[in-house]
S.K.: 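Below you'll find the structure I mean.
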Protein chains: 2
Amino acid sequence: MTSSKIEILAKAAECFMEQGFHATSIDDVARRLGSTKGRIYHHYASKTDLFFEVHREGMARLFAAVEPACAVDGDALTVLRAMLRAHARAMLDNHTFENVVAQGVQLHRFGLGPTTDPQRRTLSELIASRDAFEGLFKRQAAAARQAGLLAELDISIAVKTMLGALQWSLFWYRPEADRSPEARDVLAEQMVTTIIEGLRPRAMG
Amino acid sequence: MTSSKIEILAKAAECFMEQGFHATSIDDVARRLGSTKGRIYHHYASKTDLFFEVHREGMARLFAAVEPACAVDGDALTVLRAMLRAHARAMLDNHTFENVVAQGVQLHRFGLGPTTDPQRRTLSELIASRDAFEGLFKRQAAAARQAGLLAELDISIAVKTMLGALQWSLFWYRPEADRSPEARDVLAEQMVTTIIEGLRPRAMG
DNA sequence: GTCTATATGGTGATAGAC
DNA sequence: GTCTATCACCATATAGAC
């Protein structure tokens, strides 16, 4: 990917996050790039394609963050915890792109309106990729539960609840408020601890 | 509020949830009502005003569900749990309206674009109301923690994480899939248990 | 109270200069 | 590879009939 295309993606992600897909005009993105829309249409065939590329990049970053955590040493719960931490951290680090991913999921849920067949296929692939991502956590949670390391919960609901807790940071996290990498680590750890340990105090650590 | 206005609000909420504020045209809402936009503009001055009324109704339903739970008998953690359960249940019951509330928060976060001063004031009030709602949980969590019933967590982060876990149901819950009130009770209870107890098993119930 | 026009402005996408 | 100019379309909102 050329640096020009990446730059366009990043600015487009900002616009899509702030205004949403429909309210973002190609002129908005061009204005933020300091250019005109000719530049954008040279690299991307349509606004929809541009949006999907942002979505794809957001999913790629999630996998890149979580997959290494799947391979850490330790029992099944330790691995799950590492995965959640990586996910939390990735949501904070890639706040803009992941906001667009969430929008893409909604777009798919309710139908995308007038789009071409290839575009529909692309979106379906992206959604399948998201399901696979959630599947990583479900599988790991199931393994942890089988090892007796997890409470007896409905795995599907528990995973949706856990991931939701992390993903809701899309709505309240403000990356612009001078967040150092260390501060993001602390924040991610606090969220994950809340999820894993729950609200009630433990008799023994 | 006349029944005509309520009917318009309900259909508008559906459209706003499915397509988002900007992608929803007044003609879309009118089509879903089986009428024309003349009817809508007779009751609401603008699309923005219509959106805000949906948002307001969504917040009203949240308060109506959670405030009674604030007054239940029991220790501070029992009350908190009742509040979370009521909130979870309300998110499922009012899925459509609460989706619009979440959109309204985003609209406020990034600026609403070209709107009138009264509209900006209305949105600010709605956001203040949402902050007050979150405050109910923060205050209760602080009380529970002071009573030694809560783990030593950052209250603000823990509350955001808890509420996020429940609110993320906006993205995956499908109310159309024949959900009885009992099924929603079970689902709400599963989510709340996951939050309160955490993922790790407890030595003693 | 609801409908049928219609005025007005903005948007996605293209064509062709440079 | 980027810009300017332009077309065709759609949406908000209003005016006025009924």
Side-chain angles (χ1 to χ4, degrees), chain A residues 1-16 18-55 100 103-104 107 110-120 122-123, chain B residues 1-12 14-16 18-55 100 103-104 107 111-120 122-123:
Chain A
M1 184 148 55
T2 70
S3 78
S4 183
K5 290 189 83 166
I6 295 175
E7 190 190 354
I8 293 172
L9 275 194
K11 298 295 188 189
E14 290 177 19
C15 292
F16 288 138
E18 293 172 16
Q19 311 193 304
F21 174 74
H22 284 96
T24 298
S25 72
I26 296 288
D27 282 320
D28 288 336
V29 180
R31 197 175 310 125
R32 193 162 297 211
L33 282 163
S35 67
T36 66
K37 57 184 159 192
R39 179 172 169 199
I40 296 169
Y41 277 110
H42 178 72
H43 291 284
Y44 297 96
S46 70
K47 185 169 106 165
T48 304
D49 288 338
L50 175 60
F51 181 87
F52 286 162
E53 287 309 306
V54 175
H55 186 151
V100 177
Q103 269 185 68
L107 239 46
F110 292 114
L112 196 51
T115 38
T116 66
D117 274 6
Q119 285 175 340
R120 263 187 287 275
T122 299
L123 183 51
Chain B
M1 184 148 55
T2 70
S3 77
S4 182
K5 291 190 80 166
I6 295 174
E7 190 191 353
I8 294 172
L9 276 195
K11 298 294 188 189
E14 291 177 19
C15 292
F16 287 139
E18 293 172 15
Q19 310 193 298
F21 174 74
H22 284 97
T24 298
S25 74
I26 296 288
D27 281 321
D28 289 336
V29 180
R31 198 173 312 124
R32 192 161 297 214
L33 282 162
S35 66
T36 66
K37 57 185 158 193
R39 178 170 170 201
I40 297 169
Y41 278 111
H42 178 72
H43 291 284
Y44 298 96
S46 69
K47 183 169 107 166
T48 304
D49 288 339
L50 175 60
F51 181 87
F52 286 162
E53 288 309 305
V54 176
H55 187 152
V100 177
Q103 270 186 68
L107 240 45
L112 197 51
T115 39
T116 66
D117 275 7
Q119 285 175 339
R120 264 187 288 274
T122 299
L123 183 51

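Protein chains get the first letters and strands the later ones, always in sequence-line order, with residue 1 at the start of each.
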S.K.: I'd like to check Lys47(B) versus Ile40(B) (side-chain heavy atoms, cut-off strictly below 4.5 Å). Are they in contact?
M.R.: no
S.K.: Hey, does Phe21(A) have a side-chain heavy atom less than 4.5 Å from the side chain of Val100(A)?
M.R.: no
S.K.: Reckon Thr36(B) touches a base, only the sugar-phosphate, or nothing at all at heavy-atom distances under 4.0 Å?
M.R.: base
S.K.: State plainly whether the residues Glu7(A) and Arg32(A) are in salt-bridge range, i.e. N to O under 4.0 Å.
M.R.: no
S.K.: In whole Å, what is the span from the NZ atom of Lys47(A) to the C1' atom of dT14(C)?
M.R.: 17 Å
S.K.: Considering every strand and a 4.0 Å limit on heavy-atom distances, what is the contact class for Thr24(A): base, sugar-phosphate, or nothing?
M.R.: sugar-phosphate
S.K.: When the distance from CD1 of Ile26(A) to P of dC3(D) is rounded to whole Å, what number comes out?
M.R.: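 In whole Å, dC3(D) P lies 14 Å from Ile26(A) CD1.
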S.K.: Which listed nucleotide (dG12(C), dG1(D), dT2(C)) is nearest to the side chain of His42(A)?
M.R.: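 Given the options dG12(C), dG1(D), dT2(C), the side chain of His42(A) is closest to dG1(D).
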S.K.: Rounded to whole angstroms, how far apart are OH on Tyr41(B) and P on dA11(D)?
M.R.: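 The distance from OH of Tyr41(B) to P of dA11(D) comes to 11 Å, rounded to the nearest Å.
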S.K.: Is the backbone of Thr116(B) close enough, under 3.5 Å, to the side chain of Gln119(B) for a donor and an acceptor to pair up by distance?
M.R.: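 Indeed, once roles are kept as given, a pair shorter than 3.5 Å links the two residues.
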S.K.: Among dC3(D), dT12(D), dG12(C), which nucleotide has an atom closest to any side-chain atom of Ser35(A)?
M.R.: dC3(D)
S.K.: Please report the distance, rounded to the nearest Å, between NZ in Lys37(A) and P in dA5(D).
M.R.: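 Rounded to whole Å, this separation is 13 Å.
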S.K.: Looking only at side-chain N and O atoms, does His43(B) come under 4.0 Å of OP1 or OP2 in dT2(C)?
M.R.: yes
S.K.: What is the distance, to the nearest angstrom, from the NZ atom on Lys5(A) to the P atom on dT2(D)?
M.R.: 12 Å
S.K.: Expressed in angstrom and rounded to an integer, what is the separation of Glu7(B) atom CD from dT2(C) atom C1'?
M.R.: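 Going from CD in Glu7(B) over to C1' in dT2(C) covers 13 Å.
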S.K.: In whole angstroms, how far is the P atom of dT12(D) from the CZ atom of Phe51(B)?
M.R.: 14 Å
S.K.: Can you tell me the distance, in whole Å, between the CD1 atom of Ile40(A) and the P atom of dT4(D)?
M.R.: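 Distance, rounded to whole Å: 14 Å.
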S.K.: Taking the side chain of Arg39(B) as its heavy atoms from C-beta onward, which of dT2(D), dT11(C), dT2(C) lies nearest to it?
M.R.: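 So the side chain of Arg39(B) is nearest to dT2(C).
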S.K.: When you compare the side chain of Gln103(B) with that of Phe51(B), does any pair of heavy atoms fall below 4.5 Å?
M.R.: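 When only atoms from C-beta onward are counted, Gln103(B) and Phe51(B) do touch, with a gap below 4.5 Å.
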